[in-house]
Amino acid sequence: MRIVFAGTPEFAVPALQAIYEAYGGGLVAVVTQPDKPQGRKGVLTPPPVKEEAVRLGVPVLQFARIRDNISALAALHADLMVTCAYGQILTQDVLDLFPMGVWNIHASLLPAYRGAAPIARAIIGGERETGVTIMKTELGLDTGDMLLAASTPIYDSDDCGTLEERLSRIGAELIVEALEKIERGGAVLQKQGEGFTCKKVARTEVDFSRTAREVSCLIRGLSPSPFAFARAGGLTLNFWFAEEVECDADVPAGTVVAASAKEGLVVKCGEGAVSITELQPAGGRRMTARDFCNGRKLERGARFDQPVL
RNA sequence: CGCGGGGUAGAGCAGCCAGGUAGCUCGUCGGGCUCAUAACCCGGAGGUCGCAAGUCCGAAUCUUGCCCCCGCAA
């Protein structure tokens with residue numbers, strides 16, 4: 001079986017490795033997004049999947065638009081393609097190139113959280129469980145028939161980074177299992193029910209008038225990027241992690257009810273409060289609440305600005 | 001030339017504008033209090049102030065060059 005793997009970010013790397021391990025030379029090419037300028041310096045940086053493919057010695061193809069490169073793909077004479085956070089919409093022309101189909105690894109329990117940023121969205125949505133689904137790719141966005149799925153709990157100790165890492169490993173195991181079924185010909189597909197599509201996430205200012213859980217989920221869902229942030233005392237803070245805590249203080253939401261090395265940084269919410277355990281001031285490095293409070297940039301009683309909605 | 005913040009004990013910061021004894025919170029070490037403690041009290045150690053040159057009687061502080069870190073935006 002000749003396989004093409006299409007993926008781009010870190011999330012897709014374990015799947016690439018797993019397929020390589022299982023099929024070796026059967027993995028005939030890796031398609032990934034072009035190198036892009038990164039950071040302040042604008043340094044041209046290859047996507048993680050490219051780096052791994054190069055390391056494995058698998059040929060890499062980088063198309064500005066995959067739909068404009070049908071002949072290059074056809075020349076691979078592949079039987080099947082696996083996609084995993086590739087980052088480009090496939091056209092029917094592309095799908096038709098693979099007799100054994102195009103299969104997608106999606107980081108949610110479909111039909112929930114179709115589309116972009118399913119991991120972050122699941123956390124922000126307060127879900128207690130999510131997972132990975134292997135589905136047949138069709139033209140609709142993540143609407144294809146499902147082959148396999150596996151779930152995992154979302155813990156209060158999870159942020160988007162930890163959950164993504166766990167899901168990527170689950171996805172890697174699942175795709176190998178799926179490929180075995182497909183190869184054997186015993187693949188039984190299941191139609192998706194009524195679901196919903198989520199949008200990609202953006203840097204978001206925290207509205208502390210929401211409940212402590214909503215605030216905590218927002219912060220964790222947007223960490224380690226693009227972050228939930230808030231402003232107070234002329235500072236802009238990116239929040240890396242927060243947990244819900246009890247709070248009976250009768251103060252307005254957004255008020256700092258504790259800011260000390262021993263108590264941490266606690267902010268009153270519409271209901272309850274959150275303890276910001278890790279954060280990053282603009283211009284500074286990521287630090288613990290303890291370190292931040294030692295610098296005394298915020299005192300108890302300070303107030304976070306209300307986001308302009 | 002995209003905009004901006006920063007580099008001062010192990011950590012996080014103040015001091016710089018108006019040059020003149022190195023400060024704060026925490027950690028750490030030692031002692032004390034206590035049934036006990038991450039609590040409290042007392043005491044100590046620990047810093048070429050990013051690097052280099054310049055101005056000056058004197059530079060963390062002013063001038064110039066360089067290195068490094070980071071936020072926003074792309």
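- With a cut-off of 3.5 Å on both Watson-Crick or G-U wobble distances, the partner of B:C72 is given as B:G2.
- Nucleotide B:G43 is matched to B:C29 when pairs are restricted to Watson-Crick or G-U wobble geometry with both distances under 3.5 angstrom.
- No hydrogens or angles considered: a donor-acceptor pair under 3.5 Å links the side chains of A:E263 and A:S260.
- B:G6 and B:G10: their P atoms are spaced 22 Å apart (whole Å).
- Within 6.0 Å of atom CZ in A:R213, more than 12 heavy atoms from other residues, nucleotides or ligands are found, so the atom counts as buried in its surroundings.
- Using C1' as the reference atom, B:U61 and B:G4 are 23 Å apart when rounded to the nearest Å.
- Relative ring orientation between A:F239 and A:F208 is described as perpendicular, the plane-to-plane angle rising above 60° on a 0-90° scale split at 30° and 60°.
- Taking atom CG of residue A:L298 and atom P of nucleotide B:G12, one finds them 17 Å apart after rounding to whole Å.
- For B:C70, the OP1/OP2 oxygens have no side-chain nitrogen or oxygen of A:Q280 closer than 4.0 Å.
- Phosphate contact (OP1/OP2 of B:C72, side-chain N/O of A:N238, threshold under 4.0 Å): present.
- Across B:C62 and B:C16, the matching C1' atoms stand 10 Å from one another, rounded to whole Å.
- Taking the P atom of each, B:G27 and B:A39 are spaced 7 Å apart, rounded to whole Å.
- Both the sub-6.0 Å distance and the 45° axial angle are not jointly satisfied by A:R114 relative to the ring of A:F196.
- Rounded to whole Å, the separation between the C1' atoms of B:G12 and B:G5 comes to 16 Å.
- The interatomic distance linking A:L279 (CG) with B:G5 (P) rounds to 20 Å, in whole Å.
- Remark: A:K36 is not in phosphate contact with B:A74, judged by side-chain N or O atoms under 4.0 Å from OP1 or OP2.
- With P as the reference atom, B:C33 and B:A14 are 39 Å apart, rounded to whole Å.
- Across B:G71, B:A11, B:U25, the shortest atom-to-atom separation from the side chain of A:R296 is found for B:U25.
- The A:K262 side chain lies nearest to B:C40 when the options are B:C40, B:G2, B:C69.
- Taking atom CG on A:L235 and atom P on B:C13, their separation rounds to 10 Å, with Å as the unit.
- Put simply, CZ on A:F229 is 13 Å from C1' on B:A73, counting in whole angstrom units.
- Remark: the A:N104 side chain and the A:T137 side chain contain no N/O donor-acceptor pair separated by less than 3.5 Å.
- Regarding A:R286, its CZ atom lies at a distance of 14 Å from the P atom of B:G12, rounded to whole Å.
- Here the C1' atom of nucleotide B:G27 and the CG atom of A:N294 are 8 Å apart, to the nearest Å.
- The partner of B:A9 cannot be assigned: no Watson-Crick or G-U wobble pair with both contacts below 3.5 Å exists in any strand.
- Nucleotides B:A38 and B:A73 are separated by 43 Å at their C1' atoms, to the nearest Å.
- Listed nucleotides: B:U25, B:A73, B:C70. Nearest to the side chain of A:R203: B:A73.
- Of the C1' atoms belonging to B:A59 and B:C51, the separation is 16 Å, rounded to the nearest Å.
- Nearest nucleotide to the side chain of A:A261, out of B:G12, B:C69, B:C26: B:C26.
- Counting only N and O atoms by type, the side chains of A:D93 and A:T91 include no donor and acceptor under 3.5 Å apart.
- Atoms CD (A:E263) and P (B:C26) sit 12 Å apart, rounded to a whole Å.
- A straight line from CG of A:L265 to P of B:C26 spans 16 Å, rounded to a whole angstrom.
- The residue among A:W240 and A:D291 whose nearest nucleotide of RNA chain B lies closer to the 5′ end is A:D291.
- Of the nucleotides present, B:U64 is the one that pairs with B:A52 by Watson-Crick or G-U wobble criteria, both distances under 3.5 Å.
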Might you work through the side chain to side chain donor-acceptor pair (under 3.5 Å) test for A:D145 and A:Q192, ending with a clear yes or no?
-> CA-CA 6 Å; A:D145 296 346; A:Q192 289 191 29; over 6 Å; no
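- Nucleic acid contact class of A:G39 (heavy atoms, under 4.0 Å, all strands): base.
- Side-chain proximity of A:R290 to the nucleotides B:C70, B:G27, B:A14 is greatest for B:G27.
- Ranking B:C70, B:A11, B:U25 by closeness to the A:R40 side chain, first place goes to B:C70.
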